[in-house]
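In what follows, a structure is listed as structure tokens, so that the remarks can point back to it.
In this chain, numbering begins with 1 at the start of the sequence shown. Heavy atoms only: backbone and side chains are in, while hydrogens, waters and symmetry mates are out.
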Amino acid sequence: MTRIRDVAPRETTDGAQVPRSGPAAPLLTMSDGELADEHRGQSFAKKRAAERIEQIEAELQRRGITEAKGKLSAVRRHSNDGLIDLAGLRAEHPELVRRYAKPGSEHYFRSRTLTREERA
């Protein structure tokens with residue numbers, strides 16, 4: 001186990017350690033319902049991670065930092081031609097989106113949380 005605090009198990013205010021979740025279950029052994037639940041959970045995790053990354057980048061920007069090094073990683077600000085507003089592009093130029101779509105990318109899964117009535 002590492003001694004670096006940000007990858008070690010978290011501690012509560014009373015010094016007790018909070019266990020980390022174990023390894024993910026193998027997908028081949030999951031039922032259809034378990035796969036649906038896992039997809040929803042991972043979707044939430046992805047959204048939380050994206051929001052947290054945006055907050056971190058905003059704080060780096062606020063501090064005027066273009067490069068920083070930690071115990072485990074380094075971050076550097078890069079320039080590009082700007083991020084693409086995909087929702088706007090899809091709305092205004094759907095023909096471009098279709099023309100540059102990757103082969104096999106016309107289907108995707110979207111998950112949602114069941115209502116109380118559906119869970120009963």
### Task
Please name all residues satisfying side-chain hydrogen bond (donor to acceptor under 3.5 Å, both in side chains) with Arg76, sequence neighbours left out, ordered by chain then number.
Glu67

### Message
Strictly by salt bridge (charged side-chain N to carboxylate O under 4.0 Å, His left out), give each pair with a member in residues 39-48 just once, sequence neighbours left out.
### Response
none

### Summary
Contacts of Arg116 meeting salt bridge (charged side-chain N to carboxylate O under 4.0 Å, His left out) (sequence neighbours excluded), chain-then-number -> none

### Message
Checking the side chain of Ser105 only, and the main-chain atoms of Ala101 only, is there a donor and an acceptor separated by less than 3.5 Å?
### Response
no

### Task
Sorted by first residue and then second, give each salt bridge (charged side-chain N to carboxylate O under 4.0 Å, His left out) pair with at least one member in residues 92-111; sequence neighbours left out.
none

### Query
Taking only residues two or more places apart in sequence, or in another chain, which ones meet Arg119 in a salt bridge (charged side-chain N to carboxylate O under 4.0 Å, His left out)?
none

### Task
Mind checking the CD-CZ spacing from Glu57 to Arg77? Nearest 0.5 Å is all I need.
10.0 Å

### Query
Can you tell me how far the CG atom of Asp37 sits from the CG atom of Asp32, to the nearest 0.5 Å?
11.0 Å

### Task
Using the test side-chain contact (heavy atoms from CB on, under 4.5 Å), find all partners of Arg62 that sit at least two apart in sequence or belong to another chain.
Glu59

### Task
Give the minimum heavy-atom separation between Leu35 and Met30, together with the two atoms involved.
CD2-SD, 3.6 Å

### Task
Count the heavy atoms belonging to other residues, nucleotides or ligands that lie under 6.0 Å from CG of Asn80, then report whether that count exceeds 12.
yes

### Message
Under 4.5 Å between side-chain heavy atoms, counting indirect links through other Ile/Leu/Val/Met/Phe/Trp/Tyr residues: same cluster for Tyr100 and Ile84 or not?
### Response
yes

### Message
With rounding to the nearest 0.5 angstrom, report the CD1 to CD distance, Ile56 to Glu51.
### Response
12.0 Å

#### Entry: Joint cluster assignment, Val75 & Leu72, ILVMFWY side-chain distance < 4.5 Å
no

### Task
Tell me yes or no: between the side chains of Glu38 and Gln42, is some donor less than 3.5 Å from an acceptor?
yes

### Task
Kindly say whether Ser31 contributes a backbone atom to a donor-acceptor pair with the side chain of Glu34 at under 3.5 angstrom?
yes

### Task
Output yes when a side-chain donor or acceptor of Glu118 lies under 3.5 Å from a complementary backbone atom of Thr115, and no otherwise.
yes

